[in-house]
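Let me begin by presenting the structure, written as structure tokens, before commenting on it.
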Amino acid sequence: MEYNFREIEKKWQNYWLEKKSFKVGIDHQKPKYYVLDMFPYPSGAGLHVGHPLGYIASDIFSRYKRLKGYNVLHPMGYDAYGLPAEQYAIQTGQHPAITTERNIKRYREQLDQIGFSYDWDREVRTCDPVYYKWTQWTFIQLFHSWFNNHLQAAEPINTLIEEFEKNGNTKVNAACGEIDKFTAENWNSWDEKQQQETLMYYRLAYLSDTWVNWCPELGTVLANDEVKEGYSVRGGHPVVRKLMKQWSLRVTAYAERLLQGLEEVDWSESLKEIQRNWIGKSEGASVNFKVSHHEEEIEVFTTRPDTLFGATFMVLAPEHEMVEKITKPEHREKVDEYVKMAKNRSERERMAEVKKITGEFTGAYAINPLSNEEIPIWVADYVLAGYGTGAIMAVPAHDSRDYAFANHFNIPIREVVSGGDISRGSYDAKEGTLINSGFLNGMDVSKAIKATIDKIEELGVGYGTVNFRLRDAIFSRQRYWGEPFPIYYKDGIPYALSEDKLPLELPEVESFLPTETGEPPLARAKNWETEEGYPLETNTMPGFAGSSGYYLRYMDPRNDKEYFSKEAIEYWRDVDLYIGGIEHATGHLMYARFWNKFLYDLGYVVEEEPFKKLVNQGMIQGRSNIVYRLKGTNTFISKNRLDTDLTDEEMKKAGVSERRPEVIPMHADVNIVDNDVLDTAAFRNWRQDLAEAQFILDDEGKYVCGYEIEKMSKSLYNVVNPDDLIANFGADTLRMYEMFLGPLTDSKPWDTKGIEGVYRFIRKFWRLYHDNNGNLNVTEEEPTKEEFKVLHKTIQKVEDDIERLSFNTAVSAFMICANELSDLKCTKRAILEPLAVLISPYAPHIAEELWHKLGHRPSVAYAEFPEFKKEYVIENTFNYPVSFNGKKRFELELPLDMPKEEIEKAVLEAPEAQKWIEGKTPKKIIIVPKRIINVVV
RNA sequence: GCCCAGGUGGUGGAAUUGGUAGACACGUUGGACUUAAAAUCCAAUGGCCAUUGCAUGGCCGUGCGGGUUCAAGUCCCGCCCUGGGUACCA
């Protein structure tokens with residue numbers, strides 16, 4: 001009787017669901033462990049084999065931790081708001097809630113089939129008012145908070161108002177927008193509107209006019225991390241720059257803490273590096289340049305203040321406000337034209353033309369505050385408005401971009417740091433001695449940087465400062481399917497709703513498109529206003545809003561009084577292991593850390609970093625199959641015939657006149673290919689245009705396909721979905737095979753063929769416990785030494801491997817174990833019972849069945865992880881590889897406790913050794929106990 | 001361009017601390033069972049070479065070229081290639 005996985009897997013999945021086997025609560029008797037998967041967006045396509053990879057790994061780890069006595073929080077839910085459902089709604093009129101619900105149902109069915117140990121009672125969905133109430137609540141807290149740079153922490157806005165009443169903003173050091181100084185008298189004399197407008201410069205959630213990434217195709221604004229190379233990440237539509245009034249989150253306030261926090265967490269170095277680059281901290285100086293014949297000064301940011309004497313021109317970004325003011329009449333026309341061109345260019349065009357050097361002279365001159373030299377002011381779009389001050393001092397000798405620009409427009413280049421050859425290119429390195437630089441001459445770069453900063457601070461023309469590349473997160477979307485803002489407008493001024501009005505539910509609209517006047521879809525909602533009749537905000541929140549704090553809500557998901565209780569947060573604290581894709585490096589993982597730090601400042605959460613350990617699973621790539629069509633025909637040639645001549649008959653059949661005709665490769669559906677051999681009948685049925693296809697086969701009458709490793713995608717016909725595999729091989733096999741493919745963090749191709757090896761293993765494993773008639777065959781005899789050794793070797797290996805998330809090698813260890821135990825014909829309970837527990841994280845269904853058959857109740861999920869006992873694996877002898885001059889020549893079995901002198905003697909006396917010694921006296925013999933013996937002759 | 005990760009059989013991969021390279025599995029080949037197929041089981045399987053009684057031995061071999069060491073897939077230097085991040089960030 002073969003192992004009937006279909007029946008058994010179904011049985012235990014139902015059992016776990018009915019008994020709520022994985023329901024958890026706070027239990028102070030046990031240590032907590034929180035294992036989290038990244039929130040999936042339930043797409044209409046369902047799961048392919050790549051998706052569950054991380055879920056399987058986290059499930060194995062969760063089950064392992066349970067066996068180790070931990071109280072494991074392992075939840076799952078849905079990031080249910082999002083563009084695809086809404087795009088579909090626009091096309092079909094189908095409400096996105098309906099599509100979303102349907103997709104979630106399908107997702108859940110697929111997840112259930114794989115046998116995950118989630119506590120489904122904790123499921124959350126971002127589009128559920130019970131959930132998004134707390135997304136809105138957090139937004140209100142952000143709105144009512146400001147960031148105190150002194151304390152490097154968020155504070156309630158009231159503390160700021162009190163300060164304004166007393167001292168104005170003269171003493172305030174806050175993360176804020178660009179705002180002039182004002183006194184207490186000013187503040188107190190202002191009306192509410194002006195006070196509210198002023199506060200808006202300080203709030204952590206604020207409304208302002210910003211240059212945004214506008215995606216006309218999607219009809220919405222996008223955040224920086226949602227745009228890549230001028231196209232939207234979702235959908236790949238072009239993005240243009242546009243000035244719009246938008247809600248933003250002041251993420252930049254936390255830049256330093258977001259950077260520092262990376263030192264505390266156990267994440268991969270590459271992921272931390274991506275975040276560091278994204279935050280982009282650079283230290284330098286801010287320097288004020290006077291403008292000749294003008295009142296105003298222009299402030300520039302530089303990381304190389306030491307090169308100040310080498311500044312031979314200045315460049316302003318086209319958007320810089322001073323361009324308008326300083327341009328001389330005779331240059332006005334050309335500058336205006338240039339600015340207009342630069343502003344209207346899409347991000348895409350600008351990037352495409354990076355190599356092209358453009359710019360325009362304004363006719364004005366700036367005065368170098370140290371040398372008093374006059375330098376020309378140019379406007380050019382290689383300087384970005386959004387970084388630093390939007391103006392630079394150009395030092396062509398030591399900056400490659402300035403060098404190219406100076407060369408192109410014939411501007412002088414002055415070397416101020418020795419070490420390069422400025423006739424050939426700029427010398428950008430921070431090494432060398434200062435020259436041509438007044439009081440800096442003779443200093444090295446790092447000393448000169450310090451000296452310059454001291455000098456400009458002393459003269460009051462600048463100061464040392466730090467700049468970040470990180471931008472505030474634009475938080476409004478002109479879309480329907482997202483969280484409404486808990487904001488209303490009174491006389492055009494935004495106010496937050498009071499918390500008791502939450503959740504502010506998403507209203508019904510009759511169309512999901514923007515209005516005729518270009519307002520977002522919520523403007524179509526009837527009575528979209530407060531009880532008092534004030535209009536509500538019509539933008540909605542972006543995708544990352546709901547996912548920024550979901551891990552907190554899982555701790556206490558049904559709480560209707562609070563986001564989560566104090567008791568829950570103090571018990572569960574943070575995520576111990578977080579598994580998900582690297583694609584969230586600059587989006588979700590940045591926002592969630594920001595969200596968490598903010599709630600930490602307010603005293604709601606207890607750990608400053610939300611995700612202690614984070615692992616990025618690799619991508620599963622598709623393995624496409626390729627067929628070769630003879631050009632201009634409907635005849636396909638087998639891959640192994642590509643290098644041989646066609647026969648006369650074949651040429652006639654295909655209607656071609658050459659022995660080696662040209663072929664066009666084409667993707668064939670991997671589901672009609674087995675082991676790279678095409679099912680030609682299925683191929684003819686696959687598509688109508690192939691119904692008459694002819695084949696040129698190999699000697700064995702087979703059509704062999706080529707293959708290609710590429711992205712798993714519908715259009716490449718290489719998608720493999722888990723449902724079919726589970727139907728054919730079972731969930732336990734799928735789980736183990738996904739792990740067996742290779743290291744969790746590596747990208748690797750999917751090859752369905754290999755699954756049969758794991759399938760064979762599962763059945764072999766089953767046979768260990770059964771006789772040929774399928775009856776349980778487990779005996780109570782004392783196991784032999786050999787059997788104990790196999791078991792304990794496996795326990796040690798598997799435990800070690802799980803701890804370091806090396807799941808692929810653990811699967812190998814199980815295979816080796818099953819091979820050895822079946823060779824030993826072991827039927828002993830004392831071996832097989834712990835083995836069933838040991839494998840249960842990987843193959844929970846078969847383990848549960850065996851566990852019950854062995855007479856245990858309740859679930860194997862709460863058994864005890866078998867304890868490794870060293871004494872069973874200790875050996876007395878070791879089979880030493882004996883090398884001569886580093887080359888292994890033979891093996892020699894010797895007792896482990898043999899003294900080195902005796903080992904030497906034994907080696908030299910060994911008959912195999914004579915040939916290598918050849919009568920010479922060995923120079924040296926290296927003996928590494930339990931490793932190797934090396935003889936140097 | 002810059003930053004990061006990685007290159008091991010026909011394939012996925014193993015070798016955790018410098019110590020027997022290729023575990024485990026797929027594929028391939030041969031064999032057993034079967035009327036046949038499937039399933040299962042057994043054996044071989046990095047390349048080259050030599051002798052041959054199923055066996056024995058030699059040389060080469062972890063992207064390429066150097067180096068350190070008794071010993072290098074692993075450490076150091078230089079180069080090549082692949083994947084990812086980022087892109088005038090001053």
Side-chain angles (χ1 to χ4, degrees), chain A residues 2 228-229 268-278 280-282 284 300-304 307 315 350-351 353-355 357 380-384 386-395 398-402 404-405 428 467-471 582-583 585-586 616 618-619 621 623 675-676 707 709 737 740-743 745-758 760-761 763-764 767 797 800-801 803-804 806 808-809 811-816 819 879-891 915 922-928 930-937:
Chain A
E2 280 289 308
K228 215 174 150 185
E229 290 174 5
S268 76
E269 208 38 55
S270 59
L271 176 54
K272 289 203 254 187
E273 201 55 30
I274 292 172
Q275 290 219 335
R276 282 190 200 109
N277 290 339
W278 190 259
K281 180 179 181 174
S282 50
V300 304
F301 173 73
T302 176
T303 54
R304 294 295 301 275
T307 62
V315 186
R350 198 181 64 78
M351 283 180 177
E353 291 168 17
V354 158
K355 292 268 141 50
I357 296 164
D381 69 353
Y382 84 91
V383 171
L384 304 177
Y387 185 76
T389 60
I392 62 154
M393 60 174 214
V395 184
H398 305 288
D399 182 289
S400 54
R401 296 153 301 180
D402 298 344
F405 193 84
D428 298 12
N467 239 299
F468 292 95
R469 204 189 75 119
L470 185 69
R471 299 287 74 144
I582 188 88
E583 66 272 17
T586 53
N616 295 117
M619 216 180 38
Q621 296 151 311
R623 187 179 186 281
N675 200 18
D676 288 342
Y707 72 89
I709 305 300
Y737 183 56
F740 187 61
L741 278 178
T745 53
D746 286 9
S747 284
K748 54 238 159 192
W750 178 269
D751 186 0
T752 297
K753 195 69 197 160
I755 201 171
E756 286 175 17
V758 176
R760 276 182 205 124
F761 158 76
R763 282 177 299 170
K764 189 166 190 173
R767 284 198 302 270
K797 174 83 178 141
D800 217 51
D801 286 349
E803 286 288 349
R804 58 193 182 95
S806 176
N808 56 326
T809 50
V811 175
S812 299
F814 281 120
M815 288 174 170
I816 293 167
N819 289 344
N879 199 20
Y880 280 97
V882 181
S883 301
F884 287 80
N885 293 334
K887 277 196 165 69
K888 186 197 140 194
R889 296 303 179 183
F890 63 92
E891 288 173 8
K915 180 169 160 194
K923 284 192 194 123
K924 199 171 169 190
I925 300 179
I926 290 123
I927 296 163
V928 184
K930 228 189 156 181
R931 288 251 187 245
I932 198 169
I933 296 166
N934 190 16
V935 184
V936 187
V937 292

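By convention in this document, chain letters (A, B, ...) are assigned in the order of the sequence lines, proteins followed by strands, and residues within each chain are numbered from 1. The figures that follow rest on heavy atoms only: side chains count, while hydrogens, waters and symmetry mates do not.
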Measuring from atom [atom1] of [X] to atom [atom2] of [Y], what distance do you get when rounded to the nearest 0.5 angstrom?
| X | Y | atom1 | atom2 | value |
| --- | --- | --- | --- | --- |
| A:S400 | A:F405 | OG | CZ | 14.0 Å |
| A:E269 | A:R276 | CD | CZ | 5.0 Å |
| A:E583 | A:N616 | CD | CG | 8.0 Å |
| A:S270 | A:Q275 | OG | CD | 11.0 Å |
| A:F301 | A:I392 | CZ | CD1 | 12.0 Å |
| A:D751 | A:I709 | CG | CD1 | 7.5 Å |

Minimum-distance nucleotide to [X] side chain [options: [options]]:
| X | options | value |
| --- | --- | --- |
| A:E891 | B:A90, B:U20, B:U16 | B:U20 |
| A:S812 | B:G19, B:A23, B:A90 | B:A23 |
| A:R469 | B:C88, B:U86, B:G19 | B:U86 |
| A:D800 | B:U16, B:A90, B:G19 | B:U16 |
| A:R763 | B:U40, B:C4, B:G19 | B:U40 |

Taking the [atom1] atom of each, how far is [N] from [M], in whole Å?
| N | M | atom1 | value |
| --- | --- | --- | --- |
| B:A14 | B:C24 | C1' | 7 Å |
| B:G22 | B:U40 | C1' | 28 Å |
| B:G31 | B:C79 | C1' | 50 Å |
| B:G13 | B:C26 | C1' | 11 Å |
| B:C76 | B:G85 | P | 27 Å |
| B:C70 | B:C81 | P | 35 Å |
| B:C4 | B:A87 | C1' | 15 Å |
| B:U74 | B:G6 | C1' | 14 Å |

How would you label the contact of [X] with the nucleic acid (heavy atoms, under 4.0 Å): base, sugar-phosphate, or nothing?
| X | value |
| --- | --- |
| A:E269 | nothing |
| A:V383 | base |
| A:D676 | nothing |

Is the phosphate of [N], meaning OP1 or OP2, less than 4.0 Å from a side-chain N or O of [X]?
| X | N | result |
| --- | --- | --- |
| A:S282 | B:A90 | yes |
| A:R767 | B:U40 | no |
| A:R931 | B:U20 | no |

Quick one, [X] and [Y] - any side-chain contact, counting heavy atoms below 4.5 Å?
| X | Y | result |
| --- | --- | --- |
| A:N934 | A:I925 | no |
| A:N819 | A:K764 | yes |
| A:I926 | A:R931 | no |
| A:T302 | A:V395 | no |
| A:D399 | A:M393 | no |
| A:M815 | A:V758 | yes |
| A:Y382 | A:I357 | no |

Exercise. When you match A:I816 and A:G388 each to their closest nucleotide on RNA chain B, which lands nearer the 5' end?
Worked result: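 Nearest nucleotide further toward 5': that of A:I816.
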
Exercise. Mapping A:I392 and A:E273 to their closest nucleotides on RNA chain B, which lands nearer the 5' end?
Worked result: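 Looking at the nearest nucleotide for each, A:E273 comes out on the 5' side.
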
Problem set entry | Secondary-structure string, 5' to 3', Watson-Crick or G-U under 3.5 Å, | for another-strand partners, for RNA chain B | (((((((..(((......[....)))((((((.......))))))(((((.....)))))..(((((..]....))))))))))))....

Quick one: [X] [atom1] to [N] [atom2], roughly how many Å, whole number?
| X | N | atom1 | atom2 | result |
| --- | --- | --- | --- | --- |
| A:D428 | B:C88 | CG | C1' | 12 Å |
| A:K930 | B:U20 | NZ | P | 13 Å |
| A:L384 | B:U86 | CG | C1' | 14 Å |
| A:F468 | B:A90 | CZ | P | 12 Å |
| A:Y382 | B:A90 | OH | P | 13 Å |
| A:R889 | B:U56 | CZ | P | 16 Å |
| A:K888 | B:C59 | NZ | C1' | 16 Å |
| A:D402 | B:A90 | CG | P | 12 Å |

For this session: Determine, step by step, whether A:R469 and A:N277 satisfy the side chain to side chain contact (heavy atoms under 4.5 Å, CB included) criterion, reporting the C-alpha distance in whole Å, the side-chain angles of both residues, the deciding distance to 0.1 Å, and the verdict.
Result: CA-CA 8 Å; A:R469 204 189 75 119; A:N277 290 339; over 6 Å; no

Table of protein N/O atoms under 3.5 Å from nucleotides 45-50 of chain B N/O atoms:
none

Distances under 3.5 Å only, N/O to N/O: pair up the protein atoms with those of nucleotides 67-72 of chain B.
from	atom 1	to	atom 2	distance (Å)
B:C70	O2'	A:N934	ND2	3.0
B:C70	O2	A:N934	ND2	2.7

Exercise. When you look at A:I582 and A:I274, which way does the side chain to side chain contact (heavy atoms under 4.5 Å, CB included) test go after all the steps?
Worked result: CA-CA 10 Å; A:I582 188 88; A:I274 292 172; 4.2 Å; yes

Can you pull every protein N or O that's under 3.5 Å from an N or O on nucleotides 27-31 of chain B?
from	atom 1	to	atom 2	distance (Å)
B:G27	O3'	A:N675	ND2	3.0
B:U28	OP1	A:N675	ND2	3.0

For this session: Please assess A:Y737 against A:W750 for the test side chain to side chain contact (heavy atoms under 4.5 Å, CB included), listing each intermediate value before the final yes or no.
Result: CA-CA 10 Å; A:Y737 183 56; A:W750 178 269; 3.6 Å; yes

Exercise. After noting the C-alpha distance and the side-chain angles of A:S268 and A:T745, does the key distance pass the side chain to side chain contact (heavy atoms under 4.5 Å, CB included) rule?
Worked result: CA-CA 10 Å; A:S268 76; A:T745 53; over 6 Å; no

Polar atom pairs between nucleotides 11-15 of chain B and protein, under 3.5 Å, N or O only, would you list them?
from	atom 1	to	atom 2	distance (Å)
B:G12	O2'	A:L741	O	2.5
B:G13	O3'	A:N808	ND2	3.4
B:A14	OP1	A:N808	ND2	2.9

Problem set entry | For A:S282, all residues meeting side-chain hydrogen bond (donor to acceptor under 3.5 Å, both in side chains), sequence neighbours excluded |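 Counting only residues at least two positions away or on another chain, A:S282 forms a side-chain hydrogen bond (donor to acceptor under 3.5 Å, both in side chains) with A:Y387.
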
